[in-house]
There are 2 protein chains.
Amino acid sequence: MLTYSFSDIGSDSLYEYLYKCIKNDILAGVLSPGDRLPSKRSFAKHLNISTITIENAYAQLLAEGYIYSIPKKGYYAADIAAGPAPAPASPSQEPVPEQGEETYFADFTSSQTHPDTFPFSIWAKLMREVIGSRSPDLMKNPPSGGIFPLRQAIAGHLKEFRGMDVKPQQIIVGAGTEYLYGLLIQLLGHGKVYGVEDPGYQKISAIYKSNHVACRHIPMDKHGICIGKLEELGADIVHISPSHHFPTGIVTPISRRYELLGWAAASDARYIIEDDYDCEFRFMGKPIPSLQSIDVMEKVIYMNTFTKTLASTIRISYMVLPGRLAEQFRETMGFYSCTVSNFEQYTLARFLADGHFERHINRMRNFYHGQRDLLLGYLKNSPLSPHITIMEEDAGLHFLMCVDTSVPDGAVLQKAKSLGLRLTSLSQYYYEKGHAAKQETAGNGRENCPREEHSATEHIFIMNYSSIHPAHMEEAIARLCQAFGVR
Amino acid sequence: MLTYSFSDIGSDSLYEYLYKCIKNDILAGVLSPGDRLPSKRSFAKHLNISTITIENAYAQLLAEGYIYSIPKKGYYAADIAAGPAPAPASPSQEPVPEQGEETYFADFTSSQTHPDTFPFSIWAKLMREVIGSRSPDLMKNPPSGGIFPLRQAIAGHLKEFRGMDVKPQQIIVGAGTEYLYGLLIQLLGHGKVYGVEDPGYQKISAIYKSNHVACRHIPMDKHGICIGKLEELGADIVHISPSHHFPTGIVTPISRRYELLGWAAASDARYIIEDDYDCEFRFMGKPIPSLQSIDVMEKVIYMNTFTKTLASTIRISYMVLPGRLAEQFRETMGFYSCTVSNFEQYTLARFLADGHFERHINRMRNFYHGQRDLLLGYLKNSPLSPHITIMEEDAGLHFLMCVDTSVPDGAVLQKAKSLGLRLTSLSQYYYEKGHAAKQETAGNGRENCPREEHSATEHIFIMNYSSIHPAHMEEAIARLCQAFGVR
């Protein structure tokens, strides 16, 4: 039987490595066209790995035409000289993982929502009613910003939940915040300099770069983004999450908020994009008013999303534009079609207006609270317990875990990956190493961390618990101990 | 009772004009806070206009806080000094038209789909089944390009319908072609020069400009875009609809297609974006193979959409990237979330795979065929008949109507608007007047047009019949005669 050694696996996952080995053997002619590959089960036993790993590797090879399958017989090496076999056309076939897509036993980086928590029956009922009763409206092209009832319902939610006074006309609904960032660049101008938080959510910076606009990484202190640095680096637009910064958890206090508004008011070109992505999931204390709600100079663009609260796979987000910008949007970009289907806009409008959303948020807050407590409980009872400090656990869907270890972060992450755990460390969220070094005085919670001999941002891990299945938690923590070499 | 004269209405629609009159009276204090406005019905009778016009004007004033309503009592002027009244918060209220949004008796420019033609019951059934059976998959974040079963089903459809051999991995699903254009600019580069057809669909050029990339208007001859001009104007990427150009209806013959591929092959930077937006609605003849299907140099990006075939308010489009670009997309832009909700992706995948889409297309083709014949019949029996020549009626959702008239296009369109008809003329689709003048030798069908004394592109009107209600057609044609001053 085919035998491969996994000693040189490097940073690949098991299935990637296996896929490459077999592909290379086919390309090199070690496996000839028509050669039968081992059955998944016997191959897994032979190599001492799981059948799922074999399955994933075979699926990838199949998708790329290196092998073909004969139902109830097995898998065979394809004739590569004749060009790769065409992709399978039967839509009944299982989806095949794309290169780069991987599955983990426990993913501490995913914001994917649990199937168990989505209100399927209410959603299905509302969707049915919407389809049943609103057919003419469903086919009517909405304004660029979205259907009016949804924008009205969102305005109502913002009033109720965030104390914000917003007109429906200021609200622009779009298929995810990533899409809305792209619209904002078009609205505010390609010639502007955009400032993003360092450390910060890397996708934001990636989007600015992909849209070919100047993007500066602005360092943070313990109160949030450094205003002096905004001036120094010449930022026009600053993109921040003052209510709960990712990943440090910093909450920008009211004094800094006013300073930020003052900075923005000093020039016509300046704007603040306030990303309030997880304000609904605060566990303790009274929320600080949004920047938008204390802005009287029309300088704040407020953003929020239903992808975190409802489902990451229902793509509905929105932004609230200041009156002047809303007008400009309508004039210069009103030709764009709204990117969210009417069916889902009307369904969500009902979901909000009928009070389902508020109930759902409360349920989810309890659910995540439970997730967090369960995970913290397992951690406390694990051999890791004496070596860790937990920080920033009172808001959002993640906490920080500071570990007293001498193993470099990279090695921990790689070991965790090989054990089926996906993990990130705080140091990975710094764009510029200089900013990480300065963080010793910053608010990453490190002041609570008992050991001081390591660098400021090393050994702090981001633990997003939202998508970890409760049944996997105990085992995930056991593997985590293994990743840190603690028993 | 309030009385306004409509003699100075200018280019406004009736409701816009009325809205402005009342607003001005409130701002000027002619109407004091608390003054009751006339009831819709009596006001309509008094001004001799329709109640819908009054309704729209009131709705706009209400949305902007100039008036407020007391249920079962009526409408009252608001206290403007105290700031406009807050927007109404009850989501049960009717959607209010936004500024710029207008309603017409018959809109010959709209691609909005008819509520009667959408397969609501099948869609609802599939959606219910999808929600019922696939809950874990529904919550799983799909790859950037979309869920695999949908891409597989699209590949199957392209094979069946267009004879195209495409791997699901090459397909990128997104919330509308407008969104996909934005992705393509990021993929192909902001530094490239984009060429668009002149005349052409203005939104495409608007999107390139909004994304701040160089955009050149390339003139067309009777076979499509002029390749010499592409070279001359330094275009790198050309964006065309060779199978059915909008609005002229030109179908690019196979010889020009090969020339285009030859042009693209001459430089690494060159690509062709093939927009095949209405290939499903050809009434006669065998479709010419898509450029994509005869491209062996990986130079063609194929685009199509379900917004034309299924519903303009379900935002699902796709593009087929050449293998190399698909790889590049995955590497550099794979971080983007797919913009279409999983619920609709799975529903559409089922709709395609189960054969509903094919049946729907056939039904729609017949429906549009009927719409066209009905409209042509009314035209033929109208006083306009001796003055018009119909062209390009065998494909797509519109035909061209060349009118023997001395009234300038602008005056016709304005008159039509005042009669509740929305209409566009061919001359409006030219970006550069020079290109329009040269069109005398081009394929706008003018060679079939009997009268030659007017300029090449004047007096040709685009008649998109897809959204005109059959019950409105006769009256619409009567009003059209009036717009042309023909009785």
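A note on names: the letters A, B, ... follow the listed sequences, proteins ahead of strands, and every chain is numbered from 1. On a predicted model such as this, the values are computed, not experimentally measured, just so you know.
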Heavy-atom pairs under 4.5 Å with chain A are the metric here; pick the option from B/Thr332, B/Thr339, B/Thr307 that has the most. B/Thr339
Using modelled atom types only, decide if a donor and an acceptor are shared between the side chain of B/Gln345 and the backbone of B/Val340 within a distance under 3.5 Å. yes
For chain A, which of B/Ala124, B/Gly132, B/Ser210, B/Ser467 has the most heavy-atom pairs under 4.5 Å? B/Ser210
Passing option when A/Ile154 is tested against A/Ile171, A/Leu348, A/Val166 for side chain to side chain contact (heavy atoms under 4.5 Å, CB included): A/Ile171
Identify which of A/Gln202, A/Lys203, A/Met127 forms the greatest number of heavy-atom pairs closer than 4.5 Å to chain B. A/Lys203
Counting heavy-atom pairs closer than 4.5 Å to chain A, which one of B/His190, B/Arg128, B/His212 comes out on top? B/His190
Most heavy-atom pairs under 4.5 angstrom with chain B, which of A/Gly176, A/Ala155, A/Ala206? A/Ala206
So which part of A/Phe120 gets closer than 4.5 Å to some heavy atom of chain B, the side chain, the backbone, both or neither? both
Pair count under 4.5 Å, heavy atoms only, with chain B: among A/Gly191, A/Ala311, A/Ser312, highest is A/Ser312
Identify which of A/Gly174, A/Gly182, A/Ser110, A/Pro136 forms the greatest number of heavy-atom pairs closer than 4.5 Å to chain B. A/Pro136
Is it true that atom CD of A/Glu160 has more than 12 heavy atoms of other residues, nucleotides or ligands lying nearer than 6.0 Å? no
Are B/Tyr336 and A/Tyr179 an aromatic pair, judged by ring center distance below 6.0 Å? no
With B/Tyr201, which residues qualify under ring pair (Phe, Tyr, Trp, His ring centres under 6.0 Å), at least two apart? B/Phe246
Flag the pair A/Arg324 and A/Glu327 as a salt bridge only when some basic side-chain nitrogen lies within less than 4.0 angstrom of an acidic carboxylate oxygen. no
For B/His356, ring pair (Phe, Tyr, Trp, His ring centres under 6.0 Å) partners two or more places apart: B/Phe351
Considering only heavy atoms and a distance below 4.5 Å, find which of A/Ile314, A/Ile185, A/Thr113, A/Ile207 pairs most often with chain B. A/Ile207
Could you tell me whether A/Phe357 and A/Phe306 have their ring centroids closer than 6.0 angstrom? yes
Looking only at A/Met333, A/Arg315, A/Gln112, most heavy-atom pairs under 4.5 Å shared with chain B are made by A/Gln112
Counting heavy-atom pairs under 4.5 Å with chain A, the top scorer among B/Ala175, B/Gly189, B/Ser121, B/Gly334 is B/Ala175
